[in-house]
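Below you'll find the structure, written out as structure tokens, and then a few comments.
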There are 2 protein chains.
Amino acid sequence: MEDLTEMLKGTLEGCVLEIISTEETYGYAITRRLNDLGFTDVIDGTVYTILLRLERNGLVQVTKRPSELGPPRKFYALNDAGRRELATFWAKWQYVSTRIDRLRKGGR
Amino acid sequence: MEDLTEMLKGTLEGCVLEIISTEETYGYAITRRLNDLGFTDVIDGTVYTILLRLERNGLVQVTKRPSELGPPRKFYALNDAGRRELATFWAKWQYVSTRIDRLRKGGR
DNA sequence: TCCGGTACCTCGTACCACTGAGTACCACTA
DNA sequence: TAGTGGTACTCAGTGGTACGAGGTACCGGA
């Protein structure tokens, strides 16, 4: 599937939050996780900008750890504000997706 | 539900296409239809920019008709290109929404 | 005659994903 | 030891999209 970028606006950040919430992980791994999920065109640069935004907005806790095979990694974990943000993201997603599905099926 | 604007990026245009596909209608009515669907914060200015974009991209056929209660209306109907665009929109939506739901439920 | 509802348009802004270039660390190899 | 490829992060700039605020205009009723 190609050219999903516009449709991912507003949702990709939530996806990253969700991934971080399940396990403490780092940018490069998050990118591959998203690619494995089917978002094959999402590149690392995009993920890093999201992570920097999350950090700037105080939604994550960052821990730098050395790696066996490369430069040190920045591990991300959600804090309380991040968990709240994730909850509101899923609430919004639920709201929007049900309504769009309803529209698709000709409902009102 | 408030502040859905980021999440609606890339999907609102598809919603408008879907609405037009079911019946030939005009901007003001489309706005109210979207509001009734639950997208209460979508304003007419947004819908008109979308409609102008659809027209510029050659996805719709436009017919101006007088109204009994106000200025003339511009009625929009999908052409073949518009129907193709709508089909790819739903394909993208299916693709993205199933994968996000999968992520939500902890799958891979 | 003014006001509210209908109907359309436009300019500027903010936000977000994306791009591309750069930096840097490490292991392997020719 | 120089080169290559994979890992890992940063940042400035771009383009697309929804939105806010304002304007124009038509109509009927108080």
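Owing to the predicted nature of the structure, the values given are computational and were not obtained by experimental measurement. Proteins come first, then strands; the chains are lettered A, B, ... in the order of their sequence lines, and each starts at number 1.
Of the candidate nucleotides D:dG16, C:dC8, C:dA17, C:dA17 has the atom nearest to the side chain of A:Thr46. Here D:dA8 is the nucleotide among D:dT17, C:dA7, D:dA8 with the atom lying nearest to any side-chain atom of A:Tyr48. Across D:dA18, C:dA17, D:dT7, the shortest atom-to-atom separation from the side chain of A:Arg32 is found for D:dT7. Here the side chain of B:Arg73 is nearest to one of D:dA8, D:dT10, C:dT6, namely C:dT6. Checked against C:dC25, C:dA17, D:dC26, the side chain of B:Pro71 finds its nearest nucleotide in D:dC26. Here the nucleotide nearest the side chain of A:Thr49, chosen from D:dA8, C:dC9, C:dC18, is C:dC18. Comparing C:dA7, C:dC18, D:dC9 by their closest approach to the side chain of A:Leu12 singles out C:dC18. Looking at the side chain of B:Tyr76, the nearest of the listed nucleotides D:dA8, D:dA18, C:dC9 is C:dC9.
Between the CZ atom of A:Arg53 and the C1' atom of C:dA14 there is a distance of 12 Å, rounded to whole Å. Rounded to whole Å, atom C1' of D:dT7 lies 16 Å from atom CD1 of A:Ile43. Across the protein-nucleic acid pair, B:Leu69 atom CG and C:dC3 atom C1' stand 16 Å apart, rounded to whole Å. Going from atom CD of A:Glu6 over to atom C1' of C:dC16 covers 9 Å, rounded to whole Å. Distance A:Ile50 CD1 to C:dT19 P: 13 Å, rounded to the nearest Å. Separating the CG atom of A:Leu17 from the P atom of C:dA17 is a distance of 11 Å, rounded to the nearest angstrom. As rounded to whole Å, 16 Å separates atom P of C:dC25 from atom NZ of A:Lys74.
Applying the 3.5 Å distance criterion, the base of C:dC15 shares a donor-acceptor pair with the side chain of B:Lys9.
Each of A:Asp44 and A:Ser67 was assigned the nucleotide of DNA chain C with the nearest heavy atom; the assignment lying further toward the 5' end belongs to A:Asp44. Both A:Gly45 and B:Leu8 lie near DNA chain D, and the one whose nearest nucleotide falls closer to the 5' end is A:Gly45. If you find the closest nucleotide of DNA chain C to A:Glu13 and to B:Tyr28, the one lying nearer the 5' end belongs to B:Tyr28.
In this structure, B:Arg73 is not positioned above the aromatic face of B:Phe75 in the sense of NZ or CZ being under 6.0 Å from the six-membered ring centre and within 45° of the axis.
Residue contacts for B:Leu51: at a heavy-atom cut-off of 4.0 Å it reaches no nucleic acid atom on any strand shown.
Minimum interatomic distance between B:Ala81 and B:Gly58 (heavy atoms only, all atoms of both residues): CB-O, 3.7 Å. Between B:Leu78 and B:Ser21 the shortest heavy-atom distance is CD1-CB, 3.5 Å.
At most 12 heavy atoms of other shown residues, nucleotides or ligands fall within 6.0 angstrom of atom CD in B:Gln61.
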Check: salt bridge (charged side-chain N to carboxylate O under 4.0 Å, His left out) between A:Arg53 and A:Glu13: does it pass, once the steps are laid out?
Finding: CA-CA 9 Å; A:Arg53 189 165 67 235; A:Glu13 178 178 313; 2.8 Å; yes
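Side-chain contact, A:Gln94 with A:Arg99: no donor N or O sits under 3.5 Å from an acceptor N or O.
Residue A:Lys64 has no polar side-chain atom (N or O) positioned under 4.0 Å from OP1 or OP2 of D:dA8.
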